Amino acid sequence: MDNEIKREIIMENYLHPYHKETIKDETYLKVNSNNESCIDNIDLQILIKNNKIEDIKFNGEACAISTASTSIMIKELIGKTTEEAIDFIKQFENMVEEKEYNSQNLGEALVFDDIFKQKNRKHCATLPYRGIVKVLEEYQTKKGND
Amino acid sequence: MHREDFPMLQQDLIYLDNGATSFKPKVVLEAMDEYYSSYSANAHRGDYDISYKVDLEYENTRELVKNFINAPLKEEIIFTSGATESLNLVATGFFENIIEAGDEIVLTKTEHASNVLPWFRLAKNKGAVIRYIPLDKDYFVTLDNLKSVVTNKTKIIALAQVTNVIGDVRPIKEICQFAHQNNIFVVVDGSQSVPHMPVDVQDLDVDFLTFSAHKMCGPTGTGVLYGKKELLEAFEPINLGGGMNESFEDEYNVLLKSLPTRLEAGTPNIAGVIGLGAAIKYLDSIGMTKINQYEKELRDYLIAKLEKISYIDIINFHSSSGIVTFNVDNIFSQDVAYYLNRYNICVRAGSHCAKLAKNETGVKNTCRISLYFYNTKEEIDKFVSLLQDKEKIIAEMF
């Protein structure tokens, strides 16, 4: 992806983040994600029905990269099954960590394919993923037990 | 000034985070290196020459610290791992035996976590009550505001001489005078004051003063607790072990050594203490008054330039220390810090460990510049020039 286009996508998602709101609905699962080494701190709300992610919302304070990454993640994950979402997260994290990854399904999240060049911002890009993966795994464990 | 003394300054770097830690001059590194390479023995127990030299150097630092803060007695200087340990030691070792249910501990909301959490624990354990001094419009502490929260139950006033976010210099002398008339103990965190200004514990009449070596050109892992002798005598040592006991037979027959050794169990951070001694000699060679004046000059220079930028909000405009806290309108503080990092400029973003401060200032996260005597007007020029163009900040913040 062209660097200028990447910039534009990140900036657009930072300035107008998708689903940045808090919803009063107890059927949403909640998780907080924060970076211990900095001040990013977001709350995520996730609605899963029949193993499918129906909706995600977020709120909180975070830097441009964390905010944009969360906004993009939300767009990409809505509509996916929990298995698909967990695979998406794995591919994304592999990309950020410079490991082998499948770029085919990452969509807009590919704007962070060279974030590793700024080592101190990798944890900004992965912030929302570290939170949401916990919810998805818990959901699957619970589902397995049912 | 004195930039040539610092190996860290021999690179392309503008370091404006001295409130977090300071750089170390060569003389400090050499003093520590000399200990490890030519007389690396333990303290207080050798019958041979190099161990004797360790004792001499270790105790010499105590003398240097005593003179640096004008303490009356050498045994009033206790070496710790840093201001955090010093404050915990005071809260636990001394006040655990004094505070009772219903007693009141007075703090401010702009204190560093190290001067809040030990008091929270003490209050919780003893059923004591925490009260906060209301701050004025500049977030300063005034004697009148202090008086408004003191009651006949107040036992402790604990506050920083200079806070690490607002950088205001508190009227400690007047506070101590008032407190002592009312039988209240005063604990002063000197982490942000002792490295930057002359501090005289007798003139201030503080009961306890704590500070860290690493913020004053010394090494990490070393700090000081100053306490009035009669108060330190009443301390319950938190750590028991080697070096601090005179003799022991069984659980009922344990005899401890006198001050200050009694409160320094185990092998101390010998290299750290020796490094602190070298740092004090170094700071003295420049002069604390001169350091303080120069930092004020730098601050005024910085403020005059920053206040001209319309989209920069200076949180602590009227403070007088080298700490300047600001935000760029509508840009997250961490993004500003990342932007400056591209130009090898180090500033801190966040809450700066003072997580209650947001309740006072209404601002959760900020960028903080904290100056030291080796910073220059040229560095400030470069820093300010990078903030002159908001579009550039936005374009380069990631």
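None of these values were measured; they are calculated from a predicted model. A note on names: the letters A, B, ... follow the listed sequences, proteins ahead of strands, and every chain is numbered from 1.
- Within residues 337-345 of chain B, the residues having any heavy atom closer than 4.5 Å to a heavy atom of chain A are B:Y338, B:N341, B:R342, listed by residue number.
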*Test B:D17 against B:R368 for salt bridge (Lys or Arg N to Asp or Glu O under 4.0 Å), laying out the working first.*
CA-CA 7 Å; B:D17 194 17; B:R368 181 188 71 182; 3.2 Å; yes

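- Comment: A:E83 does not engage A:K90 in a salt bridge, judged by the lack of any side-chain N to carboxylate O separation of less than 4.0 angstrom.
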*Dump the intermediate steps for side-chain hydrogen bond (donor to acceptor under 3.5 Å, both in side chains) on A:Y101 and A:D113, then the final yes or no.*
CA-CA 10 Å; A:Y101 69 98; A:D113 69 353; 4.6 Å; no

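- By number of non-hydrogen pairs under 4.5 angstrom with chain A, the leading residue of B:N330, B:I331, B:N365, B:I394 is B:N365.
- Per-residue counts of heavy-atom pairs under 4.5 Å with chain B were compared for A:T67, A:I65, A:I115, A:N120; the largest is that of A:N120.
- At a cut-off of 3.5 Å, with distance as the only test, no side-chain donor of A:H123 or A:D40 sits close to an acceptor on the other residue.
- A donor-acceptor pair is defined here as one N or O able to donate and one able to accept, closer than 3.5 Å; such a pair exists between the side chain of B:R299 and the backbone of B:S319.
- Only the backbone of A:A62 comes within less than 4.5 Å of a heavy atom in chain B; its side chain stays farther off.
- Distance CG/A:L44 to OH/A:Y129: 11.0 Å, rounded to 0.5 Å.
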*Show the numbers, then the answer: is there a ring pair (Phe, Tyr, Trp, His ring centres under 6.0 Å) between B:F23 and B:F6?*
CA-CA 7 Å; B:F23 289 161; B:F6 291 83; 7.3 Å; no

